[in-house]
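Below, chain A is the first sequence line, B the second, and so on; all start at residue 1.
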Number of protein chains: 2
Amino acid sequence: MPTKKAQATRGTRRAPATANRAANQRADAQRNRAKILAATVTAIRKNPDASVADIAAEAGVGRMTLYGHFQTRAELIEEALVDSLERGEDVLKEVSLDGEAAAAFQRLVSSSWVLVDQSGALLAAAQKELPAARIRELHEKAEARMRTLLLRGQREGAFRNDLPVTWLLTTTHVVMNGAAEEVRAGRLDPDDAPWFIDAILLPAFTRAARETEDA
Amino acid sequence: MPTKKAQATRGTRRAPATANRAANQRADAQRNRAKILAATVTAIRKNPDASVADIAAEAGVGRMTLYGHFQTRAELIEEALVDSLERGEDVLKEVSLDGEAAAAFQRLVSSSWVLVDQSGALLAAAQKELPAARIRELHEKAEARMRTLLLRGQREGAFRNDLPVTWLLTTTHVVMNGAAEEVRAGRLDPDDAPWFIDAILLPAFTRAARETEDA
DNA sequence: TACATCCCGTACACCGATGCTTGAGTTACG
DNA sequence: CGTAACTCAAGCATCGGTGTACGGGATGTA
């Protein structure tokens with residue numbers, strides 16, 4: 001009477017299923033795992049609610065092979081997101097945040113843009129599969145970096161301080177994501193995107209000249 | 001063997017099922033129809049992928065009653081969107097677009113914001129249920145109004161013309177939608193939103209002082 | 001009051017996606 | 001080269017959502 005869903009079912013295969021990255025797996029298995037992770041990103045990019053079958057197909061792998069590596073759809077999405085964010089970190093931590101705040105911001109944005117363009121759809125998918133807290137947790141590092149920079153800019157007078165940093169942060173996200181969507185829809189040339197993005201953000205964020213009297 | 005789905009099944013009730021707004025329906029039926037339309041908006045706002053059952057519940061109406069008014073989920077979403085956009089039009093067409101472009105833009109945005117805040121989630125839901133062409137078609141009027149205004153602003157030198165209008169348009173959408181999401185998530189006070197929105201958009205759109213030499 | 005209209009619960013067929021099982025075929029690696 | 005690890009097809013149970021069928025009961029309208 002297996003009505004109770006599943007619990008320790010697959011326990012015999014590999015112990016915690018997570019955090020066994022480069023353990024005792026066969027070389028070919030690791031390769032497949034990587035293929036699947038990559039395929040997850042591209043499949044979701046094409047179709048925001050791709051099924052597990054779709055992803056497996058995209059990876060050129062059987063659906064069951066996929067389930068051998070990731071017990072559940074949610075786990076797959078999560079690990080794909082973790083993986084993407086780790087690679088993202090590798091890129092972003094190389095960006096110099098020193099010097100003029102506006103220039104640093106521009107550097108950070110144009111580096112981030114590439115990542116958003118690639119993994120933005122995955123992020124969106126993850127948002128309806130994982131608890132919001134987990135998402136925020138995973139983005140913590142990247143978000144903190146941006147927030148710190150914006151704060152410094154505000155203190156130094158480079159960025160306006162009549163708006164909360166959180167709003168500057170969401171604006172940044174939102175504009176980058178919007179550009180990514182436009183690119184996906186074929187309405188925007190990917191090469192134009194970086195320029196378009198900070199053509200909007202820089203003038204929006206730098207100190208406003210005059211107009212604070214309102215109500 | 002009714003394997004062929006459904007075709008003329010419900011034909012006996014009302015002829016084309018669409019465009020029978022204030023026909024020979026009973027007063028009480030019309031009232032329910034309205035309740036359902038309204039409930040669709042609020043239900044989707046709470047939960048972006050609410051089921052037909054959820055919506056019926058939100059309307060305080062049986063699921064079958066709902067199917068009596070709308071044959072299919074897609075039809076429900078579409079009619080709800082049409083309805084929302086019609087009301088939106090009623091509001092927006094009252095906004096004066098004369099005078100200084102920037103001021104007119106500000107007026108138009110703050111009127112639009114209310115609508116986006118209310119029906120933005122519905123729009124998002126519609127995007128994965130209706131063909132993109134239909135969506136664009138429905139938004140045509142509202143979009144044209146905004147585009148025309150932006151174009152005039154560019155011609156008059158009030159708005160920058162180093163970016164295509166389409167990009168200004170998407171930026172506007174994206175920022176308003178972002179604000180709506182933040183409000184829904186409880187991270188932004190609805191009263192602050194209008195100010196936050198054009199605090200970003202105005203400086204971003206008005207003529208850039210200097211920095212056109214780049215590449 | 002009479003009757004056509006409408007409400008709405010129950011029950012059912014269908015569909016697609018998830019997740020599990022089995023069993024046999026491959027393939028890496030010691 | 002032999003074995004353990006891995007792949008993968010086919011098939012099944014389950015779940016949730018959509019749309020249909022029916023039929024008694026309420027209610028607006030004439």
Side-chain angles (χ1 to χ4, degrees), chain A residues 1-15 17 20 22-36 39-40 43-44 47-77 125 128-129, chain B residues 1-15 17 20 23-36 39-40 43-44 47-78 125 128-129:
Chain A
M1 201 201 278
T3 33
K4 225 54 178 121
K5 213 74 188 285
Q7 38 214 55
T9 331
R10 175 71 52 78
T12 19
R13 287 200 178 212
R14 270 168 287 110
N20 60 347
N24 46 355
Q25 311 212 136
R26 234 167 60 178
D28 111 339
Q30 289 186 343
R31 222 175 321 132
N32 268 349
R33 184 195 163 87
K35 269 202 295 184
I36 293 172
T40 302
I44 297 255
N47 170 16
D49 31 38
S51 70
V52 173
D54 294 336
I55 297 175
E58 174 82 32
V61 112
R63 194 166 66 96
M64 287 309 125
T65 304
L66 192 155
Y67 274 111
H69 287 282
F70 309 92
Q71 278 83 350
T72 180
R73 180 197 169 81
E75 182 180 321
L76 170 62
I77 300 289
K128 56 175 53 175
E129 198 98 30
Chain B
M1 201 200 274
T3 34
K4 225 54 176 118
K5 211 70 183 288
Q7 38 216 55
T9 331
R10 176 72 51 79
T12 18
R13 287 199 177 211
R14 270 170 286 111
N20 59 346
N24 47 353
Q25 311 214 136
R26 236 166 60 178
D28 133 346
Q30 289 185 342
R31 222 174 322 131
N32 268 348
R33 185 196 161 87
K35 270 203 294 183
I36 293 172
T40 303
I44 297 259
N47 171 15
D49 30 39
S51 69
V52 173
D54 294 336
I55 296 175
E58 174 82 30
V61 112
R63 194 166 67 95
M64 294 344 277
T65 303
L66 192 154
Y67 274 112
H69 288 282
F70 309 93
Q71 278 82 350
T72 181
R73 179 196 170 80
E75 182 181 322
L76 170 62
I77 299 289
E78 164 149 2
K128 55 176 51 176
E129 198 98 28

Worksheet item: Among B:Q71, B:M64, B:H69, whose side-chain contact (heavy atoms from CB on, under 4.5 Å) with B:Y67 holds?
Response: B:M64
Nearest-Å distance, [atom1] ([X]) to [atom2] ([N])?
{"X": "B:E75", "N": "D:dT18", "atom1": "CD", "atom2": "C1'", "value": "14 Å"}
{"X": "B:D49", "N": "C:dG16", "atom1": "CG", "atom2": "P", "value": "19 Å"}
{"X": "A:L66", "N": "D:dC6", "atom1": "CG", "atom2": "C1'", "value": "14 Å"}
{"X": "B:M64", "N": "C:dA11", "atom1": "CE", "atom2": "C1'", "value": "10 Å"}

Worksheet item: What is the nucleic acid contact for A:S51, judged by heavy atoms within less than 4.0 Å: base, sugar-phosphate only, or nothing?
Response: sugar-phosphate
Item to complete: Search all heavy atoms of A:A59 against all heavy atoms of A:I36 and return the closest pair with its distance.
Response: CB-CA, 4.0 Å
Item to complete: Going 5' to 3' through nucleotides 24-30 of chain C, assign each nucleotide B (protein heavy atom under 4.0 Å from a base atom), S (under 4.0 Å only from sugar-phosphate atoms) or - (no protein heavy atom that close).
Response: ---BSS-
Worksheet item: Taking the side chain of A:V52 as its heavy atoms from C-beta onward, which of C:dG19, C:dT18, D:dG19 lies nearest to it?
Response: C:dT18
Discussion item. Counting only side-chain heavy atoms from C-beta out, which of D:dG19, D:dC8, C:dC6 sits nearest to B:R73?
Written reply: D:dG19
Worksheet entry | Heavy-atom check, side chain of B:K128 versus side chain of A:D49, under 4.5 Å | yes
Discussion item. At less than 4.0 Å, is any side-chain N or O atom of B:T65 found next to OP1 or OP2 of C:dC6? Yes or no.
Written reply: no
Worksheet item: Are OP1 or OP2 of C:dC6 and a side-chain N or O of B:N32 less than 4.0 angstrom apart?
Response: no
Fill in: B:R63 (side chain) and D:dG19 (base): donor-acceptor pair under 3.5 Å
yes
